[in-house]
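Both counts, for ligands and for their atoms, begin at 1 and track the order of listing.
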Amino acid sequence: MLMNILSLQNADLSNKTVFLRCDINSPINPRDLSILDKSRLIEVASTIRKLNNCKLVVASHQGRLGKSDYISMNQHAITLSELLDRTVKFVPDVIGPAVITEIQNMDNGDILLLDNLRFLAEENSEMSPEHAVNSHLVKKLSPYFDVCVLDAFSTSHRSHPSIVGFAELMPAYAGTIVEGEVKALQNIVQNPDMKFTAILGGAKIPDRLKSIQKLINAGRIEKTLLGGLIGNTFLAASEQVPLSSTSIDDKNSIQTAKSLLEQYPDKFILAEDVAVEVDRKRTEKKLVDVDPSDKIFDIGAITIQNFSQQIDHAENIFITGPLGMFENQEFRLGTVEILNKLANSNAKTITSGGHLSAVLEQLQLKDKIYHVSTAGGALIRYLTGEELPLLQALNNSATRYNQR
Ligand code: 3PG
C-alpha cells in the first residue's frame, strides 16, 4: 500500500491558488551560466500539465550559496514556457511586494515562477516544521495560497521552510514526481534485507563519500564499483596512479576514501585500466602505465568487462553519476557500455541523477530500466531508510486532512 499521502489523482484544485514546490535545480555551465541539462524541467512540466484550472505559483531553489550555479531563475521560466507551450511568467523576487501583486492579479490557468528560493537566507538552513511556519517565506506567502503541492523529491531530504512550512498550514498534495518515486521505491526501502551493488560515478565527491558510508552502514551494499571523479579519488587513495593524473586535489576526500578502503576492503572495486587523452584521442592504459602528465577521463575496456561481470551477479543495482567525462565523445564509452549492460541485465536497476537520465534518453534505454530518478542525495537517503522531511510533511498533512 502506498504511504499515506493526498494524491493529485483524486484532487480538484480548480479555482484554487496553488503553491508548487518543485526542484528544477539544474546543472549550469560556469562559462555562460546556461542550463546544461533540462531533465528536471521536463519532469516538472508534466506535473504542471496536471494542474490546469488553478492559479499556479511555482518555486524552486537553484544551486548553493557561493557556487557558480547560484543564479536567478529567468531562463528556467523560458524553458518551462517552451516545454509547456504556455506562458510561465517570471518574477525576479521571492517574497517582496512584486510577488504579492503578481499573485493577486493571477487568473485561473496562469503560471508564475518565483526567483531562486535560496536567495532568502532562511532557505539555506534546516529547521523544524514548527519553526518553518514562522519563516518569512511562509508567513508572507501562505495567506495567498489555498493548498500546496510538494513535488521536490530530489530536495526531500532538506527540512527547509518551502518544503516543510506550508504543509503545516494547508493541505499538502504529493506531486506526480514524488508519487512516482514513492510508488517505485517504497517496497525496496521498507525491505531491510534488500541489498544493492552500487555503481558510483560523477563529481560531487564529498557528497558521494558520505552517501556510500551511509549505505554501507545501513547494511545496503554488497559491492561498490567506482568510476568518474569519485573513482579517481579512490585511485588516488590507493596510490596506484600518480596523483596528478586523477585531477583530485581535495586531500580530505582522498583521506576519507583511504579510510573507507581500509575499513571495508571487500566492498570496493576500483578500475584496473583507464582512458587518458593523447593528442585529443582516447588511449587506454593499465594503471601501472599511467604517467604523471596523463589525465584520467574514463574507465577502460578491462574495467568495463569486470563491472559487467559484477552486474551479471547482482540482483539490485543502484547507479549514480557518469563513469567518465561523458560530454566528450572520446570518453563516454564507460558510461554508455555500463548503461547498455544494465538495460539488458536481469537486475532491478535504479539510476540516480539528471546526467544518467539524459544519457538513457539519448540511448532510448529508459524503458528498460526499473526506475530512472533525477534525484541524487535525497534518493540515497531514501534508500538508507532515513525519514525524509518532505515525505513526513505529506504524511502529516494526509493524516490531518483525511480526518476532516
Ligand atoms: C540536488 O540536486 O540534489 C537537489 O536539488 C538538492 O540540492 P542541495 O544538495 O544543494 O540541497
Logged contact type for Arg118 with ligand 1, heavy-atom cut-off 4.0 Å, is side chain
So how far is it from Phe268 CZ to Thr224 OG1, rounded to the nearest 0.5 Å? 5.0 Å
Evaluating non-hydrogen atoms only, which member of His157, His160, Arg40, His61 is closest to atom 2 (O) of ligand 1? Arg40
If only side-chain N and O atoms count, and only distance matters, is there a donor-acceptor pair under 3.5 Å linking Glu43 with Thr374? yes
Got the closest protein heavy atom to atom 5 (O) of ligand 1, with its distance? Asp23 OD2, 2.7 Å
With rounding to the nearest 0.5 angstrom, report the CG to CG distance, Leu339 to Leu365. 7.0 Å
Would Lys67 count as a contact residue for ligand 1, given that I'm defining contact as a non-hydrogen atom of the residue lying under 4.0 Å from a ligand atom? no
Return the residue, atom name and 0.1 Å-rounded distance of the protein heavy atom closest to atom 10 (O) of ligand 1. Arg64 NE, 2.7 Å
Measuring only between side-chain heavy atoms, which start at C-beta, is His61 closer than 4.5 Å to Asp23? yes
What part of Lys204 sits under 4.0 Å from ligand 1 if we count only heavy atoms: the side chain, the backbone, both or neither? side chain
Would you say that Glu102 contacts Asp93 through its side chain, given a criterion of any heavy-atom pair below 4.5 Å between the two side chains? no
Atom 11 (O) of ligand 1 - nearest protein heavy atom and its distance: Arg158 NE, 2.6 Å
I'd like to check which ligand 1 atoms, numbered from 1 as shown, lie under 4.0 Å from a non-hydrogen atom of Asn25. 1 (C), 2 (O), 4 (C), 5 (O), 7 (O)
Check whether any side-chain heavy atom of Leu209 sits under 4.5 Å from a side-chain heavy atom of Phe234, and report yes or no. yes
